[in-house]
Amino acid sequence: MSGVIDDHGHVGHDEHATHGPARGLMRWVLTTNHKDIGTLYLWFSFAMFLLGGSFAMVIRAELFQPGLHIVEPAFFNQMTTMHGLVMVFGAVMPAFVGLANWMIPLMIGAPDMALPRMNNFSFWLLPAAFALMVSTLFMPGGGPNFGWTFYAPLSTTYGPESVTFFIFAIHMMGISSIMGAINVISTILNLRAPGMTLMKMPLFVWTWLITAFLLIAVMPVLAGCVTMMLMDIHFGTSFFNAAGGGDPVLFQHVFWFFGHPEVYIMILPAFGAVSAIIPAFSRKPLFGYTSMVYATASIAFLSFIVWGHHMFVVGIPLVGELFYMYATMLIAVPTGVKVFNWVSTMWQGSLTFETPMLFAVAFVILFSIGGFSGLMLAMAPADFQYHGTYFVVAHFHYVLVPGAIFGIFASTYYWLPKWTGHMYDETLGKLHFWLSFIGMNLTFFPMHFVGLAGMPRRVPDYNLQFANFNMVSSIGGFMFGVTQLLFLFIVIKCIRSGPPAPAKPWDGAEGLEWSIPSPAPYHTFTTPPEVK
Amino acid sequence: MADSISLKRLVTRLLLVVVAMFAFGFALVPLYDVMCKAFGINGKTAGQYEGEQVVDLSRQVGVQFLSSNAADMVWEFHPKADRLDVHPGAVNEMLFVAYNPTDQVMKAQAIPSISPANVAVYFHKTECFCFTQQTLQPGQRIEMPVRFIVDRDMPRDVKHLTLAYTLFDITARNPPVARTGG
């Protein structure tokens, strides 16, 4: 896979070198320019998306038919684990940080990020972290095989030898994310153009501000969690080891205290991007801006008190089950506010369906489906049946693929003319959307059915009764996977050629980023714009 | 620049939040124990019970005994009987047998757990081998007592409960005594 990563690196180098003052490789190593770093983040996340996706292809190939065919069960476990880790920490989170780097200074009229050198460091930690983590796959005993949630004692007492590398990789990613978050908060709070009050900020900036606070609140807890693992494994402590008075269930509490806000870290920036795209293609201002801000803040707050819904079956007391159940269901209220606001924005608008809008509308519909299955899982008594089945897999892929990933696709198409100075190929963009849409639904919708019927997660084999649905899932998965190469082609084509993009290619779009020429000059807003 | 000072202050504050949250992650450990004790959840039993109770002859509770070995533990370990029917308030005794089949001196710690978890607070141990660590010579076999009282106030709908012990080999680790006191 490293060959693929290199290729992407080169594409980035060649195409963007013309915009910057420096040429050659060192420009990218030493850059402190927010646009360069944004580009690096986006290419890195796409490379990780393909890598994590190829792990998913292995999983779907193995599950194409019942029985063990292609990979050993031990390797299958490493694939499910690495797929999750790479997609969460390597694809989705860096993509949003990349979008933040590119767009937040342009949206608030700032010349750059507030801490440009730290920005460079937080990016370059990531390739190191993932090189370390992926290298464990080639070590004796294999890579992480305990699921992306790395529950103790699976990851401590019974973990592979390479788990220490995994722990250090998580530490590095955590430091990178924390520095990125501090940078985003500092930029938004300190570098807004005169007149840009908090309640005039675009929603993408708002959602990222809240996401950044979530990041600095929970990434340190994750760091603490893996540090405890490290100490249990190497320094004889017993945080999670019952023999020394510890408790494995404690691990789940610490992990999910991080893990639940983490899922909102992966979706809130997408909410913000969609809140920019839907008004642009509806040619109407966003309905209920203020309620959107408060809804985002409420979701962020609630995300801290619902972690127990991941643990309904570990034996938490009845009061706990009820509390987590009701608190979780409460999240549907602010989320519902958002969905209704998006629908109301489209209502009676002059809609057109260019590629960004297609992805954004699919986002609203499919994310809602994921939200509904989330409500089903939130019901503690029902969760005893759903827990650990493919229903859960269907649920979180419905919120992450058409949620986070479609949000990223929509943002990319929406801002690509601003980044490259060229319009992308609309026909191919629509083709990419429809193939992704069909492939994604083919993959994940049948998982609801096999999950309700009791097919367990993370097992390389299954009962014969699930064979047909799994074959459909696999075909959809292959389709979705191959389609993403088309996306790569569209982006490269857009960088190299295509009709020149005007400063504001979308007539309904609003915001400071459209007041500068396309492609965005290397330095923008060196004198702050006046916002009325 | 005026705002570079406020930037410094802002970043310092954000870094403090990061440090505080890192510490909070570790604070979850004692917090977890406090919560488990306060609410009597998680099936963890308290330390040695000093009180006495009047025997309630009007009802009987079935107490089942389970024993299991943690990974890599080679001792033989089992209760002398699977089950006792006891009256709440009465002191009962069960013997557990441990045998070290190896040719080395070994040390073990037993960790108890009560199921259903919410009756753990009604299960009192006046004496238990889990309060101490066991050191067995090669080939040595011992009988270890646990004396317990099922509380008179235990909800009447609970007819059965299970006391399970897991035996851990702590020869190599020789860690601190279990924090819960067994």
Side-chain angles (χ1 to χ4, degrees), chain A residues 114-115 118 153 157-158 174-175 177-179 181-192 212-228 231-232 236-247 249-255 257-258 314-320, chain B residues 1 3-33 35-36 39-44 70-73 108-113 115-118 166-170 172-182:
Chain A
L115 305 158
M118 197 169 87
T157 317
Y158 306 103
I175 293 169
S177 295
I178 289 168
M179 289 196 304
I182 289 178
N183 213 344
V184 166
I185 296 174
S186 310
T187 308
I188 296 173
L189 295 186
N190 270 41
L191 295 186
R192 292 196 311 282
F213 275 108
L214 286 181
L215 277 168
I216 63 166
V218 299
M219 291 311 282
V221 176
L222 175 70
C225 182
V226 291
T227 307
M228 290 181 221
M231 289 160 82
D232 271 10
T237 58
S238 300
F239 286 105
F240 308 130
N241 189 342
D247 194 329
V249 176
L250 170 67
F251 177 91
Q252 298 185 28
H253 283 286
V254 181
F255 178 82
F257 184 86
F258 147 80
V314 302
I316 53 176
L318 184 64
V319 191
Chain B
M1 251 165 67
D3 63 353
S4 73
I5 294 166
S6 73
L7 176 66
K8 207 173 236 172
R9 197 182 302 151
L10 178 65
V11 173
T12 316
R13 280 184 195 166
L14 292 175
L15 284 173
L16 281 179
V17 175
V18 170
V19 174
M21 289 310 293
F22 186 70
F24 176 76
F26 284 86
L28 283 173
V29 178
L31 212 62
Y32 176 76
D33 283 343
M35 298 285 261
C36 286
F39 298 109
I41 50 183
N42 211 25
K44 285 188 175 176
D72 305 328
M73 183 52 165
Q109 168 76 55
I111 302 289
S113 174
S115 181
N118 56 336
T166 307
L167 196 67
F168 291 88
D169 175 12
I170 55 168
R173 300 161 40 87
N174 203 13
V177 184
R179 252 184 292 141
T180 52

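On a predicted model such as this, the values are computed, not experimentally measured, just so you know. Values below: every heavy atom of this structure, side chains too, minus hydrogens, waters and symmetry copies.
Proximity to chain B (any heavy atom under 4.5 Å) is shown, for A:Phe258, by neither the backbone nor the side chain. Heavy atoms of A:Leu115 lying under 4.5 Å from chain B belong exclusively to its side chain. Only the side chain of A:Ile178 comes within contact range of chain B, with at least one heavy atom under 4.5 Å from a heavy atom of that chain. Both the backbone and the side chain of B:Phe26 come within less than 4.5 Å of a heavy atom of chain A.
Interatomic distance, A:Asn183 CG to A:Thr187 OG1, rounded to the nearest 0.5 Å: 4.5 Å. Atom OG in A:Ser186 sits 12.0 Å away from atom CZ in B:Arg13 (nearest 0.5 Å).
By number of non-hydrogen pairs under 4.5 angstrom with chain B, the leading residue of A:Val221, A:Ile316, A:Leu250 is A:Leu250.
Annotation: side-chain contact (heavy atoms from CB on, under 4.5 Å) contacts of A:Thr157 (sequence neighbours excluded): A:Pro153. Shown here are the side-chain contact (heavy atoms from CB on, under 4.5 Å) partners of A:Ser177, two or more places apart in sequence or in another chain: A:Met93, A:Leu215, A:Met219.
Relative orientation of the A:Phe240 and A:Phe251 rings is perpendicular, given thresholds of 30° and 60° on the angle between their planes.
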